[in-house]
Structure formats: C-alpha cells, structure tokens
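What follows is a single structure, written as structure tokens, with notes after it.
Predicted model, so just to flag it, every value in this text is computed and none were measured. As a basis for the values below, the full set of heavy atoms in this structure was taken, side chains included, without hydrogen atoms, waters or symmetry mates. Residue numbers start from 1 in every chain, and the chains themselves are labelled A, B, ... in the order their sequence lines are given, proteins ahead of strands.
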There are 4 protein chains.
Amino acid sequence: MSASVFERFLSTPEMIAVFDEVAIVQGMLDFEAALARAQAAEGLIPAAAAQVIAGACRAERLDVNAIIAASGRAGSLAIPLVKKLTELVARDDADAAGYVHWGSTSQDLIDTTMVLATRRALGLIDASLATLTTTLLALAERHRDAPILGRTLMQPAQVISVGFKLVGWIAPLVRGRARLRVAGQAALQLQMGGAVGTLSVMGEKAPGVARHMADELSLELPPGAWHTQRDSWVSLGSQVGVLCGSLGKIAKDISLLAQGEIAELAEPSGGGRGGSSAMPHKRNPVASMLALAAATRTPHHVAALLAAMPQEHERGLGNWQAELAEWPGLFTSAHGALTALCEASAGLQVDTDRMRANIDALQGLVFAEGVSMLFAQSIGKARAHALLESLSQRVVAERRHLREVTLEAVAADSSLAAKFAPDEITSVFDADATARRAGALAKPQLAALAATHESIERDKP
Amino acid sequence: MSASVFERFLSTPEMIAVFDEVAIVQGMLDFEAALARAQAAEGLIPAAAAQVIAGACRAERLDVNAIIAASGRAGSLAIPLVKKLTELVARDDADAAGYVHWGSTSQDLIDTTMVLATRRALGLIDASLATLTTTLLALAERHRDAPILGRTLMQPAQVISVGFKLVGWIAPLVRGRARLRVAGQAALQLQMGGAVGTLSVMGEKAPGVARHMADELSLELPPGAWHTQRDSWVSLGSQVGVLCGSLGKIAKDISLLAQGEIAELAEPSGGGRGGSSAMPHKRNPVASMLALAAATRTPHHVAALLAAMPQEHERGLGNWQAELAEWPGLFTSAHGALTALCEASAGLQVDTDRMRANIDALQGLVFAEGVSMLFAQSIGKARAHALLESLSQRVVAERRHLREVTLEAVAADSSLAAKFAPDEITSVFDADATARRAGALAKPQLAALAATHESIERDKP
Amino acid sequence: MSASVFERFLSTPEMIAVFDEVAIVQGMLDFEAALARAQAAEGLIPAAAAQVIAGACRAERLDVNAIIAASGRAGSLAIPLVKKLTELVARDDADAAGYVHWGSTSQDLIDTTMVLATRRALGLIDASLATLTTTLLALAERHRDAPILGRTLMQPAQVISVGFKLVGWIAPLVRGRARLRVAGQAALQLQMGGAVGTLSVMGEKAPGVARHMADELSLELPPGAWHTQRDSWVSLGSQVGVLCGSLGKIAKDISLLAQGEIAELAEPSGGGRGGSSAMPHKRNPVASMLALAAATRTPHHVAALLAAMPQEHERGLGNWQAELAEWPGLFTSAHGALTALCEASAGLQVDTDRMRANIDALQGLVFAEGVSMLFAQSIGKARAHALLESLSQRVVAERRHLREVTLEAVAADSSLAAKFAPDEITSVFDADATARRAGALAKPQLAALAATHESIERDKP
Amino acid sequence: MSASVFERFLSTPEMIAVFDEVAIVQGMLDFEAALARAQAAEGLIPAAAAQVIAGACRAERLDVNAIIAASGRAGSLAIPLVKKLTELVARDDADAAGYVHWGSTSQDLIDTTMVLATRRALGLIDASLATLTTTLLALAERHRDAPILGRTLMQPAQVISVGFKLVGWIAPLVRGRARLRVAGQAALQLQMGGAVGTLSVMGEKAPGVARHMADELSLELPPGAWHTQRDSWVSLGSQVGVLCGSLGKIAKDISLLAQGEIAELAEPSGGGRGGSSAMPHKRNPVASMLALAAATRTPHHVAALLAAMPQEHERGLGNWQAELAEWPGLFTSAHGALTALCEASAGLQVDTDRMRANIDALQGLVFAEGVSMLFAQSIGKARAHALLESLSQRVVAERRHLREVTLEAVAADSSLAAKFAPDEITSVFDADATARRAGALAKPQLAALAATHESIERDKP
C-alpha cells in the first residue's frame, strides 16, 4: 500500500487504492495504450503495432517495484516505465517497440495519469458527500425544533434549535459538492503537449491524436498543454482543502458537544471504534478525530500546491514534482474525514434531554438579551442593558434563575410592573418557543438544501 | 496607512487604502447607517432616530485611533466603535442612541464591512487583470511567430515562438479572472444574524430588515448567516492565491529570461525603477521581484484561511480573528504583483535577435528530437535515438553545429544518404519554420482568449 | 501605525512600535551613522564627514512617508532613504554627502535594521515570558494538589491535580525562553557585505569597518555576510512559531475549561474586557482568543520564512522581500498572545469547587482504571477490564455511582469479597488522594522549572 | 513500502525504510518488550511473563497489514497491535498475556516508537550532511580563487570566486548539522506517562520503570510525559525544515548555473540520471530537482506540525494524529535532497573557463563599481557614479568593453588623465585579482568550517 502507516490510519482503503502504485502504473499504461491507438487511428503508426502496445499495457505484466526503484535516479517515473514497457513490447514485436510513447513526454503521461486517478478520487468524495448530506438532512428534520444552546466564542449564548444548527453543517457540504463538480470539470483534462507543448513530433496529425485520446479516456480536450499552467488543477485542489475545512467545522462541533460535561451528542460506539487501551469507560470521538486531523493537515497541502505554481518556462524543475507528491494527501485526508463523519452521523446519539438540561443549568442567563430587548421598548436600550447586567450578576452571585430575579425586580419597580405582566416576562424564558422560531428559520433553508442536493444527485456526471 | 513598512513596499497605495483603518471604520459606519435605515423602513425604530444615526455614521466624526486602541482589550473592534457611535448620536438625540446597532452582533458588522472592502479590492484586481491581459495579448500578437527557446527543467529543449509562450501566461489570467468573478459573486454577501444567527431580537421583521440592508449596500442576501460557514469566503480567498501563483509563473519566466547571460527580455527602467545603490550598470527586474514575493507569501495566507475554517459552534474563538487578520494581505500582495506586471509588460523589451542568438548558440542540439524523428521513419526509433545521442556528444566534444555533424554522418552512411537529401535535413534546423508552426498553434488560442477576455469585460458587474 | 487594523487588535502597542515605520527608518539611520563613524575610525572617510552624516541620521529630520512611497518603484526602501539622507547631508556639507552609505548595499542596511528591531522584539518577548512563567508557577504552587479532571481526546479520563496540569503549561515556556535566547544569540548579527558579500569597495579596511560597526551597534560580528544564508535567522523565526504553539496550547486548555458547562476557570473580566455587544451576561475568554489567533496564524508565517530560504546566488529576488514582509507578524502575534495570557493568568479565576463537582458528576467512571488495576492483581487484567466495562455500562444505564455499583458487585461475588475490603475499594475513588499523588509528581518538576526560570532571569543578556 | 509513489521518487530507500510499516511495528514491539522487562525488573510483573512478552515482540510474528487495517476503526494503531500481541502471548502463556502493555497508554507507545525511528532518521541525515560538507569543502578548496560572477537579484553583479561562493553553501550545512544535534538531544526522549501522564497504575514503581526503559532504549528520560507538550519535538522538526531550505538554496544556485546559456556547472550524468524521454541531448539537473522539491514541500510540513501544537488537555484530538502523519515526510524529503546533492557534488562539473567567459561577455560592466570607487577618490562619489552610469550606457549602446570606453574617457579628460594612469584603470578589470581577493576572504572561513566540521564528526553521538 502506498501511504505511510500514520496516513493510512486517517484515510480509507478505497482512496488509498486510487493513488496506489499499481493503480498509478496502470493509469500510465492506459495512457500509453490510448496514445498508441490514437496514433494508429491517425495513421501515424501501424495498427498492428498499436495492438501489440495496447496489449502490453497491463500492470500485472510489469515489475512495478523495479520501475519505482529506478525512478529516483531517472528523476521521473515515466522514464523507467517507458523503458520496461518498450522491452515488453519488443519481446512480442521489435518494430512495435519503436512506437511506444512516441512523441509524448513524461509529463503528458504522468499528468494524465493523475487526472484519471483524480477523477476516481472525486467520484468517491462525491458519493460520500451525498451520503453525509442525506444523513444530516434527515437528522436536521428529525430534531428541527429541539432546543439546544447556541454558543459563541466558546460560551453559551442563546437558545437555537438542532435543525437550525445543522443547517450550518449541511449548507457548506451542498455548496462544496457543487463547487467540486465545477472545479473538477475544469481540471480533469487530457495533458498532451510533447516536449515543449507543441506536439511537434506528430506534425499536423497532433490535434487528431489528442482528440482521439481524450475520447478514449473520456477526458476534456484542452486548447493546449497545461504543463506549467496549474491554475485549474490547483483550484480543484484548494476546493478539496475548503471541503476539509467544512468537515473540520462539523467535527469541531461534535467533539465539543460530546465532551463528558456537555454530553449532548455522542459518536456511535462498538465494532472496535473509539475504545481506550487504558480506560474501559471511555468512548473517544474517533470520527471527529479523523476529520480534525484532515482539517489540520490539508491547509498545508493546499499551500504546497499554491507554492509550486510558479513553474519555470515550458516545464518546471522541482515544483511540479512537489505538486505530484502533495496531491494524493488531499484526497486521502478528505475521504478519511468524510467516511468517518458519514458513519458517525448515521449513528449519532442526540440527547435532547441533556440539551435542555444544559440550557436550564445556565439559570436563564441565555435569555438575558431577550429580556433586555423587551424592557428596552419602554425604558430604552441603554437602561435595559444596564438593568440586565445587574440582574445577571445577581443570578451568578445568588445562584438563582434569571426569571425569578427578573420577576422580583419588575414587581419592585412600579413603572416596569405597569408595563410588563409576569406572563409576558416568563414567556421570554421559553426554550421551546425560542427553538421553534429557530426551527422555522431552518425549515425553508433545509428544504432549499434538500432540493439542491437532489438536483446535484440527478446531475451526476 | 495600515500596513507594515515592508508590506506597503510590495503593494499599491490604492489597495492599501481599501483595507486602511479609516476605510474599515467607514465601512462599519455604512453598515450601521444601513441597519438603522432598514429598521426604520420596517417600523422597528423611529425614522427620526434612523436619520440621526445615519448622519453620525461618518468616520471623520469619530476618533478612529482611540477606537482601534480600545479594540485590543475589548477583543473586538465593534464594541468600541458602537460605544463611540452611540455617544456621538446621544449628543444629538438621546433617544436615537438607544437604537444604535440594535439587534445586530459584532460579527455582522465586521464581516459585512470586510465584504464591502473586498468588493472594492476585487474591483481593483479585476481592472488590473484586464489591463495586463490586454497588454500581453498585444505582445503575443506582435511576436507571435518569433523563435524563442522552449525550456524544460531549466534546460534548453526545443524551439517554440514568443506568441506560443505567452499563451501560457495569458490563459491562466483569463481563466483566473472568470473564476474570481464567480467566487466573488458567491462570497460577497450580507452578514446579518445577530448573536447566534437567528436575528431573534427583531422577531418577524428580521427578514425584511436584512432585505433592506442588502438592497442598500447592493449585496447578495444569503439564506442565513454564515458566521461560522466560511466556505464561500475562503474559496474566494484561495482564488486570489491561485491568481498569485499564475502571476508568479509569469514573473519567474521574466526573471529567468532577463538574466544578463540570457537577456531575451528586460523590464523597463527609468523613473527610479530597479536601480542598484551599489552598481550603476544594473537593472533589477523589480516587477518580477514583487510578483515573486507575492507568490512566495500568498500560499501561506490561503493556508491560514483554510486552517481557520473549523470555527466553533455559532461563532468561533480566535480562528475568525485570525482569518480577519490574514485576509487583507492576499489582496495587497495580489494587487502589488498585478500592478507591477502591468507596468513591466507595457514596457517590456523583447529582444528577438538575442532569442535567435541563444538558439544558435546551442549548436543545433535543440533540433535533435526533430532529426531523430525524421530518421526514425526509416531506421526505427531506437536506432535513431541512439544515433542522435552519439551525434549530440560529438557536437559538444567538437564544438560544432549538429547540422554539420548530421550532414556528415548521413553522407558517410550510404543507406541514410539514399533516403535523406541534405535539404531535408537542413530544414529540420530551421528555427523560423519551427516557430511559425508554434505560432500557428498559438493563433486560435490567442483568438479564443481575446474573445473570452472581451466577453468578461462586457459582463462587468 | 504600521499594522493593519485587524492585526493591531491582536498585538500590543509596544511590539507594533518596534516594527513601526518610524522605528525602522530610525534603525536604518542608526546603521548609516555607525557606518560613517566606523569608516572614519578606519581612515576611509574624513572624521568631519562622519560627524555630519551621523548628525543627519535622525528620523524626525526626514520625510518618512515620502521615502516609503518611493520604495515601491525603487524596489527597495534603502534607495530612497539613502537618496534623501544624502540630500540632507549635502545641505550641510556637500563633500560629506559623497560618503553616505559608502561601500554598503541595501541589504546590509535593511537586514541590520531588522536585526536591531528584532533584538528589541525579543526583549519584549523575554520579559513577558518571565512574567507569565512567574505567575503560572505561583498558580501551580497554590493549587498544586487540587483535584481536576485529566482529559484525553476531549473526554474526561482520570483525576490529576491543578499543579500537575500546570507543569504542562509552564515547562514549554521555560524551555522556549531558553531556546529563544540561544537562537537569538546566533541570529542577531551585523549584516555587512556590500554588493556581493566581499565588501570589495573598502579593500583591506573592510574587516575593521565591520568590527567597529558591530561594536557600536552591540551586535555579533559574523564570519561573513549572510545575505542568502538565512538559516540562523529563520531558526529564530521558527522558535517564535514554536512559542506561539505552546501559548496556543495554554489558551486551548483555558478556553475549554472556561466553557459555561465546565466553568473550572474564568478569565478576569472588567475594564472593557470580553464583553459582548449583544449579550450582557457573557464573559468571553478574550486572552485565549488572542493566543489562539496567534497559534492559528504563526505556523503559516514560519512556513513563509522557510519557503523564502532558497535565495538566488549572492542576493535573492522576491524571496528576501517576502521574508522581510512576513517577519514582523511573528513577533506582533507572539507578543499579543503573551501579553494577553499574562493578564489572564494574573487574574485567572480557579474554581476548585467546580473542578471537584465536575469529577463527582462523572459518577466515579474516571476511577474505573484504578479499580480495574486493583482487581487485576487477583483476577488478571483481561477479566478485570471486562468486569469494569460491564460495571461502567451499568453506571451509565442506572445513573448510579461506580463506587456503589462496584461495592455491590464485590459483595455479590464471594471470591472478590474475600480479597477486597470495601474500604480498599472506596479509597480508589478518593479524588483528593489521587490529586495529591499527581501533586507529588508535580512538586519536583515545579521546583526544577522555578530554578531554571531563575537562572534564565539572572543570565539576562 | 510505506510512501506514495511520488514521494518515494523524491526520497531514498534507506529513509523510507525507517518509517516503513514493518519498522514502525517493530519499534512498537521494542517498546512493549522494554516495558515488560522494566516492570519485571521493578517487581511489578513476573520475570517469566516479561520473558514471554519480550519473546513475542517480533514483527515477523504478527500480521502487520491486519493491524494497520484495524487501526482506522480503532482510531489508533496501538489498540490493534496490543490486541494482537496479547493474543500471541496468550498462546504461549495465558497469565503473561495479562501483563502486556500494562499501565501504559497508546501515545506512550507510539511517541516512543517515533522517537526511535527519528533517531535512526537523524543518523542518516547526519551522515549525509557529513559527506556533503566534506565534498563541498574539497570543491571549495580546489576552486577557491577561480573567478565567477557574483549575481544579485538574478543579474550579474560583480566578480567573486568559486570558493567564496561555496562558503555560502557550506556554512549553513555545518551550522545546521550542529543545530540538529542539539535539537535531537532535546527531542529524543522516552514518552511514558500512562493515561493522563501520571503513570498512576504503576504507583511508586513508575519512576523506576521509566528509568529502566530509558536505559534499555538508550533514550533520555524526561522529567515528565510530554503528550501535549510538543515544543522540543516540533523544534526538531522545524530544524529539518531549515535544513531543507539551505539545501534548496544550493540547488537553486546549481540549477541556475547549469542553465544551458550559463553552463558554469553541470550535474554528473550517466547511470540513468537526468535523461529526457523526448530529447536525447538533454541533461536534466535531477539532484537539484529533488532538493528543490524538498524545499518546496517541507515548509508546509513544518507548518502542519506547528499548527498541531495546541493540543487539548492531557492528550489531544486530531492534532496529535495530524502531527504523526506529517512527521515522516520531513525526513524522507530531507534525505532525498541530501543524498541527491551528495551525488551531484561528488561529480559536479565545474567549468571555470565558462565562468571566465561569462564574465568577459559582460564587457566589463561588472567592474563599474570598482571604477566608480576609484574615480570617487578624486572627483567625489556623486560625479563618479554619474560618469560610470553614462559610460555603462555607452558600453551597451556601442557594444564595446567598459575598459576601453573608460580609458578613452580618461584620456579625453585632462584632469582625470592627470590622476589615473591607464594601468591603474586596467587593473580594476582584472577578474583574477578580484577573485583572489574573494578567495582570501574565503580562506579563513573555509578553515573554520573545516575545523567545526571535524569537531562535529568527532562528537558523534
């Protein structure tokens, strides 16, 4: 397997397989086969030669490890692969061997191979994003109006609803999936330029060869080579980085809500997940851990891609190679995070009682703004704010509920008492009603997200 | 001016002014004015109060430095600004003071202010991109067929043409401008959510207020607050990073071609540009320097934005603040680079004679692939490649031209001599013909880029 | 002030002043004065000229804004400064003007200026680190044995003590301060090489001039110029990054412990700190916010310095300029974080009752490992682990305390009952005793840290 | 092999093997063996059990792939390894199985394993640094006084010598090796803290166990666990990043000097190195490519380590895992770069004739400062600078040598002619003399570097 032991851990076997050495070598062979067939179709090489070459283009027929071992000295994976493939073809047909990799350059071969692998990688991410979105939409519907604390700057702030909170998780996923589709469409292109981008060896047949190859590999045909024009490619990479940021936000929230002292959410356990080697009672939020690890790593991988962009002249020195090496990590991280969150969401334990208890434990302070706004209507914002500040201090000092303290204060002040009935004041402290209002805001947004989600599903490439 | 002495140096006064403290404070006041007017329009506050508030919302009426000095302790620029504005309004109308910033939160104010500033920043970048594209398109047309070395891995490779090379500079600019437009449209949205995103203070009037504000500030109205959903915003930021990568590529090429020993291009001099305090004869490629500095710095700024994405719950702690601090640097870098390259391109000295001389100095070696391909038609690829390798070695050892060495070898080998007339061999070494073929490839690409460029110009937002 | 509005917010006025444009220009003038005096001392220029030049080297005599404005076009701050200084000197003494900046190069001037500023910056950081360490050592002593939950993977794990926990905050600060001293000593060197590092203009007098300058500016004299050898310099910068990571860890812990639902720590309030514009009851952990922002940003600034290291030949193009621009941000971030944490630590509210209550609320589960280890002595580790797993599940299901459930299970199992007296079992659940054991581990570590701290204080440079 | 196909390419088999899955698993088993032995020595577990456990701790006895496959779900590599090891031990001795991993935690196991691997990694780097330094010192001695252009801002500036230039390559290597030794000594420590750092399970025997383990594994014994105190560790990591920056600088210079049009240096060819699949004549600077790729990538890996530092409480969530995954890449990149540069330096072709020819081709302009300084002695700096600027323009316009133009100008100006004999002027243009002066500056620096180099060699740990 082509990933370090501590990277595999944070990814999925499916995604690791996409960038696996065998898969990459097979991708390169697919390119060579398509090239030979395209050149035969254009009459550049004999059809028989193309057939022999295409027949040899199977990874199991080559010594993949030897090719990789030789790549270091050669400074390119392409050179030893072409050499070995040529030898293999030569065993069947000495003439055909002369047509292997004809007129192409290493970077054509490797870039196109990466495009093919990336198409598969995007397919995996797209599918996982669909699953996660579906799961979270259902969760949001189920608990749409359940009260939960809204928290800001890591402090309890005001009451919202679970559905409302989840809109903030789902919307970036739906948008992110759409953006990935657009970025993918622009980036998944054939690379075919020959030594300096002119495909000069193939003369006038070059455009036809490129067209045939794009057809066979089902790739877009760009107007020219993009050897040192990485903008579309890196835009796609940075979109994967943005996605990991959005997944990290979800994981951050889950891990905070799953803290033992808060306990509003719990990741599913069982099946070897999240146990502790030292503490039998512990249930570690392993999915959040994976997504947080991805969100910690991917910004730097994106930065590496961006830093590698100023490539020299017609083909760069060192920066292209750096980009190649950094590219797969984005996808392995993202898919590890996504898959973990899919599983965690599907079994997520939502403790709405505890959410309510956590609200109650704050003794009404999270409704202070509401009370302040109510009073402001009659005594002005400044006075109302000052009053609530002093009432809040009493709540903390006397460990009482803001509702009681407020009712007492109103009763003691005849001008306030004249304006505000106890019922009106009490109603401000109604967590359920507050949550329902948040749920009502969430409702159309969830509907819109579901609709977009479905339309993205339908438009699958 | 709000930029460090070594950042100003790398940017433009126009872009620094966009994120200047006075501009930011004025943006915040524009938000407050729009909020008050929108609330008046919805009947939430008296029209008279809104008028007084809006009248006070002028940066010159406030002590900007005192507000900024107080922001450190408060942990927010919004708190001291709202306080000072309230005091100012109170001097005119004590009642109106109670309606300042009503129902909004610090982040609404600051995010929207950053959106307003960023709209201006994107306008500057869009305009400079237009100029640079126009200049480079003209340059590419002028020298479309002029021969120049194509270079790969920092070694001379084969002959291309100047126009062909410039396609590789221009295409990412045209694509980048289009991507920035799309990303900008998604990101330039009103932020308006109140404490936890529900705008609960304004009750049922909240949507109307938000709509009015979006109208007045000419911003998109998002379906909800995006306090901790930074994906659209960071996608825009990473596009600026991608743009700087593309500019860095141009600058890398210019700086390499401007080396004294290559001297194919020179940045314009005069007017205090690029002199050396120690060496009177030097002309430093200052524009390239600025663009390379931007390309060196911006990947890390993008990474910081991505790293700041996993924001806690309804509003984050530290990460949002980090994002704010990193944001302007992207735009100041990008505009510094763009403006420098605009100026450099406008006065770029293209020495086509030197380009030709540099080709000649390589003694025909850059045509080796062409000869090899010619011979391969009759003696096979492997033998042709080996032959050219040995001829190339003779070129180096004997310091002769590959054309002569080849003609000699053909003359000495009767089977080759029978197939290849000297004229045919000589024609492979024709730099002008090779460049014309590259120019012919460039022609439709340049036309397409020009057409897209014009259509982007027409669609100006 | 030379920092963007959202950077100033996260720093201190003292540190911003260090890299302020006036301070930088004055530093440059200090260099020029020292150069002239050194050259006079070596007989390279007339003593009278040196006196006039040194007399002119005062920032208030120059138009700093004009110099900065001109730096963009020149591609260097040095060129316009030298020009203006020469004009100023010429007004007093036309001959002396000819000796301004004699034999030096822009980078000598600017690098040395940055060294001088950085020395002041390190002084501020060193002093703040001393204060923070002292405060935290006192806090650790005061609450050395107070029980607090140890938490792993964001879940309650086992009981430790406050003093033990604080060792983990303090040790990296003490080590970090020592490392900064070492790195500073290596990096704070005179830069003096002339155009290409050979100081050729000054001939045999060059070494003497450099020695004089180093003396006057109290800087180390390096064996040669380090124009494109940035390793010592960037090592210092990365140490500032490491420090911010250590501060971020403290801030992460504080912010987690200050969550409303945990409430074991609170940052001090009052004096305009941490209020909320929308919620009167809130106390935001503003110091943590600043330190977290610094920890979010500085990794990328360090990366930019590292990325700028491969500078071309004798003086780089773009990368040196990028380094200059990124440098000050490391120090402004670090000092903002440090100062905030100093203030927060000094007034930190430590609620040991709440710590105990949070332990109690977990119903003994955090002692499960202890019980398991006790039982393992007689029934083996595997059986003991399994038993505790099942008892822990009962605790959760029945909402009872693990102590009771365990006592019950032991009573019901005659073989266990024979071996473990109820008192022995009960003692495992003693949070105070557990904390005391952690405190005993902390004691020598705190003593050692205090001793190192004092020795670092004494060795002040 | 545990590295992606495009990372292996950029590293060495030796370094990849260090972090290979089998090596990591063996390292973990070494830890478990040492733990069991240490506990037996302290009387915590039976000696027989320790013997069985230690006997089972061999990677070839475990199914490494199955362990890694299970690690994803478990969220830790330690859990499945301990499980499989326990099963293996149980087959021999059911009782002994109960003592496997007793009282330790996953992170103790994995951190210590990484320390062991990193010690080997540092050994490889130290050895390669020694080789590279030795080679470059010899090269610098050999060509100490050979003239070469000093280049600044990618423009020819003045003449230096090869030895002088190489001081700038070597000094950072010598310093870097010393810094790595220091950082390694601080970072290569046993990790042993148990669940929350207190090693509570082992009671009073804990310190003894830790001491025994440190002895057996030949690691430093830290004062306490460093689970979430990563400052020493990350300081080491950033030093590897700094080293790659220094290697990148060397590679940048080589690749620039190896450009076909400059051709002063060439990397060795042959043995499959640096060929081109399309162009038989090309010799690509493959070693520079590898080192530049490393310098492009490692800044971001360092940034990831720094970003992962603020780890939560007693053991972090996601950030530790991110650090683990990013760590090996630093070393694989660095060793790939180092090894490539070792080989390239050993066979580096230094074309001193071409260096001289490149100086000559600049028609004396690189001596303009010297002439200016000469004239300044009699006509003042300002007039001399202006005169040389105009003479330089004539050089360019008339394509003549500055020497001739200057002699002409002096002859035409009686006051200059009176002061400056033609010989004196001509001597300024003596490249050899200039280079000798640079060589004289290099001489003591090279001697000092050689001495430090030898002393580092002797102090091998």
Side-chain angles (χ1 to χ4, degrees), chain A residues 149 151-158 254-264 274-286 288-289 292 299-300 303-304 307 310 318 357-358 361-369 371-373 384-393 395-396 402, chain C residues 149 151-158 254-264 274-286 288-289 292 299-300 303-304 307 310 318 357-358 361-369 371-373 384-393 395-396 402:
Chain A
L149 276 170
R151 292 161 172 106
T152 61
L153 290 89
M154 292 188 70
Q155 290 293 315
Q158 297 186 359
I254 294 178
S255 64
L256 287 167
L257 295 173
Q259 289 170 102
E261 300 87 347
I262 295 183
E264 299 181 2
S276 159
S277 71
M279 291 160 287
H281 66 283
K282 272 192 73 178
R283 194 199 300 175
N284 292 324
V286 174
S288 299
M289 184 187 87
L292 288 169
H300 312 288
N358 284 341
L362 290 164
Q363 300 165 292
L365 286 174
V366 293
F367 298 103
E369 191 192 31
V371 182
S372 176
M373 290 298 162
H385 191 91
L387 174 59
L388 263 295
E389 221 162 19
S390 104
L391 296 180
S392 296
Q393 282 157 10
V395 165
V396 174
L402 180 62
Chain C
L149 277 169
R151 293 163 170 104
T152 62
L153 291 88
M154 290 187 73
Q155 289 293 316
Q158 296 185 1
I254 294 178
S255 65
L256 287 167
L257 295 174
Q259 289 172 102
E261 299 87 348
I262 294 183
E264 299 182 2
S276 158
S277 70
M279 291 162 287
H281 68 284
K282 272 192 73 177
R283 194 197 302 174
N284 293 323
V286 173
S288 300
M289 182 188 89
L292 289 168
H300 312 288
N358 284 342
L362 292 164
Q363 300 165 295
L365 286 173
V366 292
F367 298 102
E369 191 192 28
V371 183
S372 176
M373 290 298 160
H385 192 92
L387 174 60
L388 263 295
E389 221 163 19
S390 105
L391 295 181
S392 296
Q393 282 158 9
V395 165
V396 174
L402 179 63

Pro285(C) versus Gln155(A), closest heavy-atom pair with distance: CD-CG, 4.0 Å
Over all atoms of both residues, closest heavy-atom pair of Asn284(C) and Thr152(A): OD1-O, 4.2 Å
Under 4.5 Å between any side-chain heavy atoms of Glu261(A) and Gln259(C), yes or no? no
Engaged part of Met154(A) at the chain C interface, taking heavy atoms whose separation is under 4.5 Å: both
Pairwise side-chain contact, Leu256(C) with Leu256(A), heavy-atom cut-off 4.5 Å (strictly under): yes
Where does Ala258(C) contact chain A at under 4.5 Å (heavy atoms): side chain, backbone, both or neither? both
